[in-house]
Every structure is written in C-alpha cells, then in structure tokens.
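Here is the structure we will look at.
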4 protein chains.
Amino acid sequence: MSEKEDYLVGEFPFIPRQERAQQKRKALLESGQILFAAKGYEQTTAKEIAAHAKVATGTFYRYFSDKRQLLMALLEDEIDNFLAPEPHWFSSNPEFVLASLLETHANRLQKSGLYRVLPEILSKDLELAEVMQAARIRIHARILSGLQLIYEKGLTWRDLDLDILAWSIMILVENGHEKERQGGNRINYQELAKVICRLVFPPEVLEKLRNDGEA
Amino acid sequence: MSEKEDYLVGEFPFIPRQERAQQKRKALLESGQILFAAKGYEQTTAKEIAAHAKVATGTFYRYFSDKRQLLMALLEDEIDNFLAPEPHWFSSNPEFVLASLLETHANRLQKSGLYRVLPEILSKDLELAEVMQAARIRIHARILSGLQLIYEKGLTWRDLDLDILAWSIMILVENGHEKERQGGNRINYQELAKVICRLVFPPEVLEKLRNDGEA
Amino acid sequence: MSEKEDYLVGEFPFIPRQERAQQKRKALLESGQILFAAKGYEQTTAKEIAAHAKVATGTFYRYFSDKRQLLMALLEDEIDNFLAPEPHWFSSNPEFVLASLLETHANRLQKSGLYRVLPEILSKDLELAEVMQAARIRIHARILSGLQLIYEKGLTWRDLDLDILAWSIMILVENGHEKERQGGNRINYQELAKVICRLVFPPEVLEKLRNDGEA
Amino acid sequence: MSEKEDYLVGEFPFIPRQERAQQKRKALLESGQILFAAKGYEQTTAKEIAAHAKVATGTFYRYFSDKRQLLMALLEDEIDNFLAPEPHWFSSNPEFVLASLLETHANRLQKSGLYRVLPEILSKDLELAEVMQAARIRIHARILSGLQLIYEKGLTWRDLDLDILAWSIMILVENGHEKERQGGNRINYQELAKVICRLVFPPEVLEKLRNDGEA
DNA sequence: AATGAATGAGTGTTCATTCAT
DNA sequence: CATGAATGAACACTCATTCAT
C-alpha cells in the first residue's frame, strides 16, 4: 500500500511514522469507546477492540499497556463531561440558560455512551474512583463559589446551607440525563431548570432578574 | 434462636439439621455480602465466598444455583432499602421528619454496603435492571401522589412541575447518603431536609405549619 | 415404622435385617439398571440411582463400594445373556430351533437394555473387558465343539475352517438383535437362522434332517 | 513437505505461518487420536491432548471449538473406514479378492485405533449415531445391490433372503478385524473370506468361476 | 443401619498478555 | 513496528465419595 505513494516527487513518501501510529492509537480508542459503551468494560475483550480497530491483538499492547489504560485514556478526555457542568447564574433568564446547559450536558453524555461503564469501573478501580471524587469536589467547590457570589449580593435564600445547596444542584444536574432511562417520560429540561432555580433564587429575585434584563 | 431452647430440660444434643443448613446458607449470604461490598461482584469468586464462609466450594452450589442467585437473594431483602423512602409531608415539622428519614435510609445502606455493587450489576443484568426500574417508578409515583395531595391544598409552589419535582426529591433522597463519600464533609441531614422542603413548601407555608403544630 | 409391627404375637416382629437390607440392595440394582440403560453409565450419577431407589446417597455406598461395583453386580447376572447363546444343531428342524433361540436372545437383551452400556464400559474397564473376552472365548469354544460333533458325523461343510465358522456364527447371533436398530426393517429371525444354517449345513444335509425327523 | 522447498535457492528462513499452524492442528489431531484410542473419549481431557501435543491448553481451543469437534474432525476422515468395505463378486477368485479386502480393512482400522471410541460415542452423540447409521444403510444397500446382480445371473443361493444376506456379510466384514482381540488366534482372512463366499455362492458356482477365470 | 449435607479434586473453557516471526 | 498464534492462570460448576449425626 505505502509503495504506491512513493512515486510522487515532492510528496511525503509516506504518512509520517508518528502520524500513522497515532492513527492506530486513535482507532483503538474509538473502538474501545464504542465497544465499552455497547457491551460494558469486562464484557469487551482486548482482542475485540483490536479487531474492531482493524489491527492485530499485539498492536493493542503497543499503544496501551493494558485494557485498563485504554479506558483511562478514554476517560481522561471525558471525565469532566460526566460531571455536572457549572451553572452560571448571572443572566437575565437563568432558567433558560440552565436548561440549555442541562441539555448540552445530556447530549454529550448520550453521544459518548461511555458514562455507562463508569459504575462498573468505579467499583473496582480505586484510583479512578479517587480521580472522579477529586473532580466532583472541584465541581462542588465551583458551584459553591458561584452560589457564594450571589449570596453576597443577597440574591439567594438566606436560610439554606450553601454547601448542601451546591451538592443538591450538582446531583440534580448530574442525574438529569438519566431521568428518561430510569422511569418515565423524556425529561423536560426547562422544568428541571425551574426546580433548580427555585433552590437558588427566591421567586421575587427571579422576577427582578427578568425585569432587569429587559430594561 | 437455639439459646432460647436451652433453658428447657432435656436439651437438644445437637443443633437440628435444618437449622444447621440454614446457618451455612446464612454464612454464605453474609460472606457474599461482605465480599461483594468490598471487592465488587465480578471480582468475587464463588470459591472465595465459600472459603470466607468456611465451607467447601461444592457447598456453595448446594445452597445457590450460582453466584448470581446468591446476589439476588441478598438484593431481594434489600432492594427497597436502596431506593428513596417516601417522605410524608403532613407534620408540624416536615423538615425534621424528613431529616430522620434521610438518616435512617443512609444508615441502612451503609450498614449493608451492598448498594455498592448495584451499579456494576445493573449494567449487566437486564432482569434486575428492570426490577429496579419498576421499583423506582413505584417510588416516583408515590412521591408524586403525596405532592398532589398538598398541591390540592395549595400548600406547595404552583409554578413547579410536580412530576419533575417528585423526581428531584427522589434523586436527592436516594443520593443523600453518598454525599459523604463523594466529596466533603459528613452530610448534614437537617440541612438537606431543609433544601428538599424548600422545593416543596413556600417559606410562608412552612412557617404556618409550624405555628399550626404548636397551636 | 417397625414399632407398629411389634404388637402382633407370633409374627415376625419386623422384616429380618438381612431381608430389608437385601431389599434396598435390590432396589438400587434395579434403579441402576434402568438408569444406566436409559442414560448411559457416565451420565448416571450415584445420587440419581439412590434417589430413584428411594434411599439416601450414603446408603448407596453401604451396599456398593462405588458406581462401578454396582454395574459389575448387574453385569454379573447378565453377562452370559449378552453373548450369543449356544445353538444346538441336532433337531429335525435346526433352522426353526435357531430362529427361536435368536428371538429369545434378542428379547432378553432388549428387556434389560443393559447391553447398551457395554461398549461404553468396555473401553475403560480393562478388567471387565477381560471377563467379557473370557466369556466369548468360552462361547466360541462351545459353539466350536458343537460344530466338531456334526463335523465328525459328516453333516457339515468339509471345506470351511471350523474355528472361523464358529466365530462367524457367534458374531451373527450376537448381533442379530441389532439389525433393527442399525438400519432397516425389523429383523426376520427365520431368515437369519436360514443364513446361519447355510454356513453349517449343506442343503442336502438340511433336507435329510427334515426327512429323518418326519420319519 | 518443507524439505522439498529446501533445494531451491533462497530457503525460507522459517516454516511459513500457515504451515506451522497446520502442524499444531495436526499434532492435536494426532494426540487426540492416540489418547482417545488408548483411554477412551470421556477419559481424555482437552488439557491432556494439548499437553501430549506439546501446546498450551488455550491452543487447543484455537483449533477446535471443543473436544467433540476434534473427535468429529478425526472421524470425518475415517468414518468410511469403520464400515465394511464393499465386496466385489465378479472375479475369477472372489475368495482371494475378498480376503485381501478384509485384510486391508483390518489394517486400516488397527492403524488408527480410533474405532475403539466409536461405541462410547455413539451411545451419547445422537448426531454422530445418525451419521453412522446412514453410512451403514448405504453400505448395506450397496452390498445388497451387488448381491442382486449375481442373483439375477443365477449365481447365488436361491433360498436365502438377500437383505439378511447382505446384512450378515456386512456384519462379518465389519467385525472381522475384531476376531483377534475378542478371542483367539490371529484371524485367517482367507478362511473368513471362504465362509462369506459360502453364503454367497453355492460351491459349484465358485468352482465354475475359477474355471472360467482360467480359461 | 441410614441419612443427606459436605467435601474438594477435577472438568471444560475463556482471555489478558507475551513473543517469535 | 506489526502480527496473531501461543500461553496458562483462572473461573464457574459437577459429582464421586465421605462422615457427622
């Protein structure tokens, strides 16, 4: 195959080593993602991934030390997607902004499908569990600091614990995409956003924000 | 159990057959629970469970047709514990009632530790996944009908979708026990209850309930 | 149970020990025969035999040292049935006599069904194979000596090797019952007897025997 | 095979892939044959076959889906050898022709030793049993049609049932090789052929055939 | 003598990983 | 670098046999 590319002067005689290698790596990653999402981690064998990526079994182990490492490489890129995105509250219509945030998040998850393996992995991979936990703490902290901002401006309920509030928001945002699967009708992100905003803004604040936005 | 029989004259020279058999079964169940919770389902072999219960491998298969069946026997007793308990809103202090509900639920879960395997199993065992889903739909329906009662009495927010509201409560209650593990300080159930109650009751309703209770 | 039999004077207070024991032994033998014939030797477990005989697993091992021994006990009684019965040639109608011999043999085999396990066992049990071989040698010798009698009287072909002849007869008689199963119509023992008699008697001798019988 | 490629300039630096793989497959087949013949089918484990072929257990399963399949592969090549070869009667010396047929058949069987497992398998493998039965029916039909030819020419006994006759020949030919094992001296194929020919040809026909051949 | 629960070695089979080519 | 055949430890599960009761 590569011989056919040789006869052109001035062209790359072949795809550079590294690039070709990276193509295989990429193919393996993609195949891993597809198969993990479809069949689960344990149920997918290294051989299958290699076959799906159209490389030999041994090649798998040139690019990844083992099956776990391939999964980690996949998760590395996605881990932040699994967690709740951070809502931004300053807007004339926070409910609407939040709703689209929720939808985007759900779509991202559904697309990769990889979140399906997470529960399977977390129970056996302490290291990954720690990474995830750290990420969640980060997310929680970010949501919390956002809440503190609006707290200082007197825009939020004064009788709720901000830490718990942040955690509740994180949980709801994180799980929003599951509603459909877990029981019931397709989720209405607009309504979920409304519920979350109720936890953050007293009704009169929400009203005021809208008016300010229009003005 | 057998201790109660000791005070009678003419003791049993040995533990009766059936009881001994049930002891082994129980030992296997306990070992299964401990090992599943500690290492995950797939990571635990039938041999290990048997060894931990101090019986031979074959004995495992006398009491359970396979590993899955042992797990199912364990879950059968616990499946309802995994899901959110149903909150009751009619009380002079719904926040307090809810807080103790949350705490009880969390303690139950932590004690068995079995909820840790659920995610792993649900991804592979379609049958169990369906059972769980059905249970969640039931819980959701119950929470929803509770909300409808107070909605009819005008005690709840009028601008929130009750279906989403019920779902949000379910998610928060279900995950409450996870807060500690997932990130941060030990959860304060009182504060979580407050957050949930905010979703249900406008502040003035809550105030009124308290006064009515005192009066 | 046996206590209830005590109150009658002059009766056996209970079935004698040995007899009861022999009943269990017999039941086990029967169950073994039925199950071995139906499912094969390896496919039948000691537990199954005990269950079928309505005794406990352990009881099996009181009466037989192991599964093999039960089989041997069964075969001991039947081994001669498996082999060709010895034909008797002196009769005014040897074909007819032989035909009923064949039929009796076939019926005996079909009834016990145990001959089905023989091939399975012979391949793994050298000892039994030797016993069988010895029995065949005995049968062969007996058939041979029968042939020698009529040879001396000039009643048989003079150009056939009597040893081979005896062997051929043994094989045909032994396998007669299989014809039906192996391919084809139900065997006609009369015709098979005719074929075998052709190997023994020249046609004119056969004719003469018939006439002498009538005379 | 590869030796033939050596005399060419530029030898293969190593045995080609495919050939090596086939060598392992062949080694496994051979080991299977040897062990099955020596110890029987059930008594031989896949692990043993692999060990005997000096490959790892897993390698066994690369070439054969299971033990049964290996056996089937072995039998596929041999199944026709197990059955009686078809005698041809038109010859100036049918006894001699038949004798060498018998001997060739016996040698083929003794060489592979595989026929020893047949009885064991047939009792458990319905599919194979059917294949064998079909083969026997075929053989029987062929022998029968051969007999019909000579019957039409008036060369055979007129008072024997051709169907039974064909069956008897098949049985004798099929079992000829067993005589040695089952009891007695090494079989004299010449004499067995004589016996079988007696069933087919009246003595005077046999005589005539010889004279015609000489003329 | 009888029971049947308990034993544990042994089976077929899979799959992550290695390594000769 | 790539290949894919080879490896062998590990697993779920069975069953002949033993043994406490």
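Just so you know, these numbers come straight off a predicted model, no measurement behind them.
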Practice prompt. Kindly confirm or rule out a cation-pi arrangement of A/K67 over A/Y41, judged by NZ or CZ under 6.0 Å from the six-membered ring centre and within 45° of its axis?
Written response: yes
Practice prompt. Taking only Lys NZ, Arg NE, NH1 and NH2, and the carboxylate oxygens of Asp or Glu, determine whether A/E42 and B/K124 approach each other closer than 4.0 Å.
Written response: no
Worksheet item: Hey, does the side chain of A/Y63 come within less than 4.0 Å of F/dA2's phosphate (OP1/OP2), counting only N and O?
Response: yes
Practice prompt. For a side-chain contact (heavy atoms from CB on, under 4.5 Å) with B/F36, tell me which candidate from B/T44, B/L75, B/I121 qualifies.
Written response: B/T44
Practice prompt. Select one nucleotide: of F/dA16, E/dT13, F/dC1, the one nearest the side-chain heavy atoms of A/R62.
Written response: F/dC1
Discussion item. Taking the nucleotide of DNA chain F with the nearest heavy atom to each, does B/T45 or B/G58 sit closer to the 5' end?
Written reply: B/T45
Fill in: Phosphate contact (E/dA1 OP1 or OP2) by C/K24 side-chain N/O below 4.0 Å
no
Response to the item:
Among the nucleotides E/dG8, F/dA16, E/dA5, whichever has the atom closest to the side chain of B/T57 is E/dG8
Item to complete: Can you tell me the distance, in whole Å, between the NZ atom of D/K47 and the P atom of F/dT7?
Response: 14 Å
Fill in: Sugar-phosphate only, base, or nothing, as touched by C/T59 at under 4.0 Å among non-hydrogen atoms
base
Worksheet entry | Residue whose nearest DNA chain E nucleotide is more 5′ - A/S65 or D/S65 | D/S65
Response to the item:
Closest to the side chain of A/A46, out of E/dT17, F/dA2, F/dT3, is E/dT17
Worksheet item: Reckon D/Y61 has a side-chain N or O less than 4.0 Å from the OP1 or OP2 of E/dT14?
Response: no
Practice prompt. Measure the distance from CD on B/Q23 to P on F/dT21 and round it to the nearest whole Å.
Written response: 12 Å
Fill in: A/F60 CZ to E/dC19 C1', straight-line distance once rounded to whole Å
17 Å
Discussion item. Rounded to whole Å, how long is the line connecting atom CG of A/L70 with atom P of E/dC15?
Written reply: 17 Å
Fill in: Distance in Å, A/L74 CG paired with A/L28 CG, rounded so as to fall on 0.5 Å steps
10.0 Å
Item to complete: Starting from P on F/dC11, measure out to CD on B/Q43 and report it in whole angstrom.
Response: 10 Å
Response to the item:
Writing each nucleotide of DNA chain F 5' to 3' as (, ), [, ], | or . by Watson-Crick or G-U pairing under 3.5 Å yields .||||||||||||||||||||
Worksheet item: C/V131 and C/I79: which non-hydrogen atoms are nearest, and at how many Å?
Response: CG1-CD1, 3.5 Å
Discussion item. How many whole angstroms separate atom CD of A/E42 from atom P of F/dA12?
Written reply: 12 Å
Worksheet item: Do we see a donor-acceptor contact under 3.5 Å between the side chains of B/Q33 and B/E78?
Response: yes
Worksheet item: To the nearest angstrom, how far is C/R25 atom CZ from E/dA1 atom C1'?
Response: 16 Å
Practice prompt. Using whole Å, report how far OH of D/Y41 lies from C1' of E/dT11.
Written response: 12 Å
Worksheet item: When rounded to the nearest 0.5 angstrom, what is the spacing between CD1 in A/I34 and NE2 in A/H52?
Response: 4.5 Å
